[in-house]
Amino acid sequence: QLQLVESGGGLVQPGGSLRLSCAASGSSLDFYTVGWFRQAPGKEREGVSCRRHDRSTYYADSVKGRFTISRDNAQNTVYLQMNDLKPEDTAVYYCTATLAAMCRAGDPDAFWGQGTQVTVSS
């Protein structure tokens with residue numbers, strides 16, 4: 001059973017950077033599509049970035065040019081580098097992994113981490 005544990009969240013000022021990590025255990029991520037979602041208070045969970053098995057990537061328009069998803073197969077870890085953070089990026093960030101071709105919030109077979117809080121505030 002694949003397990004995902006996020007880390008790296010915290011409080012950062014606008015314009016700052018954070019790198020989120022998602023460490024996997026129980027199975028290799030090699031054949032999984034991996035991604036990041038976020039959920040702000042009172043809002044639905046939204047996709048942030050997704051990296052498919054063929055290395056193609058997807059980014060939400062709101063984070064394009066600022067966020068970068070990457071994976072280290074040797075460490076069995078997925079990362080989300082977040083630069084030029086804005087107050088509207090404040091949310092709980094969740095890591096996900098699925099054998100499907102694309103990341104979907106409603107994927108019944110996806111694995112999810114417990115989330116890590118990111119707060120962008122001065």
Side-chain angles (χ1 to χ4, degrees):
Q1 180 83 357
L2 182 66
Q3 293 183 323
L4 304 172
V5 178
E6 301 98 334
S7 61
L11 173 64
V12 63
Q13 292 186 343
S17 298
L18 284 174
R19 188 176 79 155
L20 305 183
S21 299
C22 173
S25 62
S27 180
S28 171
L29 286 176
D30 286 2
F31 299 103
Y32 283 86
T33 295
V34 295
W36 292 90
F37 284 73
R38 66 187 181 187
Q39 188 165 18
K43 295 188 177 182
E44 293 186 355
R45 189 171 295 191
E46 64 170 349
V48 174
S49 182
C50 186
R51 183 182 170 108
R52 299 176 59 169
H53 180 241
D54 63 1
R55 302 185 181 183
S56 60
T57 55
Y58 156 86
Y59 294 96
D61 287 343
S62 58
V63 307
K64 280 181 182 176
R66 300 188 298 122
F67 290 12
T68 303
I69 188 171
S70 63
R71 63 194 295 170
D72 184 333
N73 288 341
Q75 296 295 323
N76 214 27
T77 300
V78 181
Y79 301 99
L80 184 68
Q81 177 67 43
M82 306 186 295
N83 298 328
D84 189 24
L85 283 160
K86 306 176 186 299
E88 51 264 40
D89 295 319
T90 296
V92 178
Y93 283 71
Y94 297 91
C95 174
T96 185
T98 178
L99 292 175
M102 190 61 187
C103 306
R104 291 189 299 114
D107 184 344
D109 298 318
F111 296 91
W112 296 89
Q114 82 289 351
T116 185
Q117 176 70 46
V118 172
T119 303
V120 185
S121 175
S122 55

ask   = Hey, what do you get for CZ (Phe67) to OG1 (Thr57), rounding to the nearest 0.5 Å?
value = 14.5 Å
message = Nearest 0.5 Å, please: how far is CG in Asp89 from OG1 in Thr119?
response = 11.0 Å
query = Honestly curious: do Val118 and Leu80 fall in one hydrophobic cluster under the side-chain, below-4.5 Å linking rule?
reply = yes
ask   = Any link between Leu29 and Tyr79 through a network of hydrophobic side chains (Ile, Leu, Val, Met, Phe, Trp, Tyr) touching at under 4.5 Å?
value = no
query = Can you tell me how far CZ of Phe31 sits from OG1 of Thr98, rounded to the nearest 0.5 angstrom?
reply = 15.0 Å
ask   = How would you list all residue pairs meeting side chain to side chain donor-acceptor pair (under 3.5 Å) that involve residues 28-37, not counting sequence neighbours?
value = Ser28-Asp30
query = With under 30° as parallel and over 60° as perpendicular, where do the rings of Trp112 and Phe37 fit, or are they tilted in between?
reply = perpendicular
remark   = Of all heavy-atom pairs linking Leu2 and Ser27, the shortest is CD1-O, 3.6 Å
For the student: nearest non-hydrogen atoms of Ile69 and Val34, plus distance = CD1-O, 3.8 Å
message = Among residues at least two apart in sequence or on other chains, which ones pass side-chain contact (heavy atoms from CB on, under 4.5 Å) with Ala60?
response = Tyr58, Ser62, Val63
message = So which atom in Thr96 and which in Ala110 form the shortest heavy-atom distance, rounded to 0.1 Å?
response = OG1-CB, 3.7 Å
key: Between CG on residue Leu99 and NE2 on residue His53, distance to nearest 0.5 Å   = 10.0 Å
inquiry  = Under the rule for side chain to side chain donor-acceptor pair (under 3.5 Å), what residues qualify as partners of Asp109, not counting sequence neighbours?
reply    = none
message = As an exercise, state the distance from CD of Glu6 to OH of Tyr93, rounded to the nearest 0.5 Å.
response = 12.5 Å
query = Under 4.5 Å between any side-chain heavy atoms of Gln81 and Ser70, yes or no?
reply = no
Glu44 CD: over 12 foreign heavy atoms closer than 6.0 Å = no
inquiry  = Could you report the tightest heavy-atom contact between Val92 and Gly115, atom names first, then the distance?
reply    = CG1-CA, 3.8 Å
query = With sequence neighbours left out, what residues match Gln3 under side-chain contact (heavy atoms from CB on, under 4.5 Å)?
reply = Ser25
N/O donor to acceptor pairs below 3.5 angstrom from side-chain atoms of residues 7-21, sequence neighbours left out:
from, atom 1, to, atom 2, distance (Å)
Ser17, OG, Asn83, OD1, 3.0

request  = Check for a donor-acceptor pair, side chain of Asn76 on one end and backbone N or O of Ala24 on the other, with a separation under 3.5 Å.
outcome  = yes
task = Can you tell me which residue pairs pass the salt bridge (Lys or Arg N to Asp or Glu O under 4.0 Å) test with a partner in residues 46-64, sequence neighbours excluded?
result = Arg38-Glu46, Asp61-Lys64
